[in-house]
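Have a look at the structure below before the remarks.
Values reported hereafter were calculated over all heavy atoms of this structure, with side chains retained and with hydrogens, waters and symmetry mates removed.
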There are 2 protein chains.
Amino acid sequence: MVMSAQSDALRVLADPLRRQIVELLSREQLCNCHLVEETGARQTNVSNHLRALREAGLVETEPQGRYTYYRLRPDALERLAAELSDLARAARTRELPKRACE
Amino acid sequence: MVMSAQSDALRVLADPLRRQIVELLSREQLCNCHLVEETGARQTNVSNHLRALREAGLVETEPQGRYTYYRLRPDALERLAAELSDLARAARTRELPKRACE
DNA sequence: CGCTGACATCACCATAGTCTGATACTTTAC
DNA sequence: GTAAAGTATCAGACTATGGTGATGTCAGCG
């Protein structure tokens with residue numbers, strides 16, 4: 001399907017902890033250890049969520065020695081925002097017709 | 001929390017069937033029976049998802065005789081889109097600083 | 001009235017997804 | 001070399017949630 005990427009991004013962003021990680025990364029590039037510290041979650045847990053975010057194309061990694069820095073990929077967020085905005089606009093521009101029943 | 005509403009909207013939109021319902025409603029005002037027909041899901045299932053969408057403020061209802069018409073509330077979608085767009089912009093406007101490890 | 005159809009609600013089940021502990025891998029410090 | 005720290009991966013337990021059938025409510029129609 002065409003929108004599978006955006007749907008995936010939506011699904012991934014729906015988790016509260018991932019959502020928090022994304023917000024933290026929108027201000028700074030951080031490595032796993034910082035995220036563990038900020039969120040209070042276990043390292044394993046953070047790492048799992050980072051993988052989900054990575055596979056959805058929402059973040060990218062930059063290994064640096066034994067640390068791994070994570071940063072947001074704005075494009076994915078931007079595409080998602082645009083799609084939602086389109087839906088909102090479609091629903092607002094006109095008085096939508098009601099389909100008749102039966 | 002301040003953003004609970006948006007988080008809720010995200011979570012609710014993450015489900016594929018709800019997502020499909022939202023897209024259908026962006027083109028027409030439909031009642032439950034149309035949505036059942038269009039999605040192929042059971043009436044109970046559609047009704048449950050419509051409740052989730054309603055509680056998240058994404059749709060509103062207009063009872064009309066024994067039918068209930070549903071329509072999108074563009075504002076909720078717009079707010080969500082704006083928030084995601086803000087995150088994307090924050091991540092893109094500058095080369096984000098890396099917090100030091102140790 | 002009772003009957004039918006549209007929709008909502010409830011309780012239950014099955015599944016997906018999250019969290020966790022154990023463990024492996026890699027890099028740096030000693 | 002060994003030890004320690006940061007990160008990734010894996011299997012299992014637990015939880016949340018979507019799907020379902022049974023049932024209830026309400027409006028229109030005979």
The side-chain hydrogen bond (donor to acceptor under 3.5 Å, both in side chains) partners of A:Asp15 (sequence neighbours excluded) come to none
So salt bridge (charged side-chain N to carboxylate O under 4.0 Å, His left out) across residues 37-49 of chain B, not counting sequence neighbours, yields A:Arg99-B:Glu38
Readout for nucleotides 19-30 of chain C: B = base within 4.0 Å of protein heavy atom, S = sugar-phosphate only, - = neither; 5' to 3' it is SBBB----SS--
Atom CD of B:Gln20 and atom P of D:dG18 are separated, to the nearest Å, by 15 Å
- Is a salt bridge present between B:Glu23 and B:Arg18, judged by a nitrogen-to-oxygen distance below 4.0 Å? no
Rounded to whole Å, the CG-P distance (A:Leu53 to D:dT7) equals 15 Å
Sorted by chain and number, sequence neighbours left out, side-chain hydrogen bond (donor to acceptor under 3.5 Å, both in side chains) with A:Gln64 holds for B:Lys98
In short, salt bridge (charged side-chain N to carboxylate O under 4.0 Å, His left out) pairs touching residues 46-55 of chain A with sequence neighbours left out are none
When rounded to whole Å, the CG to P distance for the pair A:Leu10 and C:dG17 reads 14 Å
Quick check on C:dA8: is either OP1 or OP2 less than 4.0 Å from any side-chain nitrogen or oxygen of B:Tyr70? yes
Rounded to whole Å, the OH-P distance (B:Tyr67 to C:dA6) equals 6 Å
Taken to the nearest whole Å, NE2/B:His34 to P/C:dG5 is 16 Å
With a 4.0 Å cut-off on heavy atoms, is A:Thr68 in touch with a base, just the backbone sugar-phosphate, or nothing at all?
sugar-phosphate
Rounded to whole Å, the CZ-C1' distance (A:Arg54 to D:dT7) equals 10 Å
Rounded to whole Å, the CD-P distance (A:Glu55 to D:dT9) equals 9 Å
With a cut-off of 3.5 Å and sequence neighbours excluded, list every side-chain donor-acceptor pair involving residues 72-80 of chain B.
{"unit_1": "B:Glu78", "atom_1": "OE1", "unit_2": "A:Arg92", "atom_2": "NH2", "d": "2.9"}

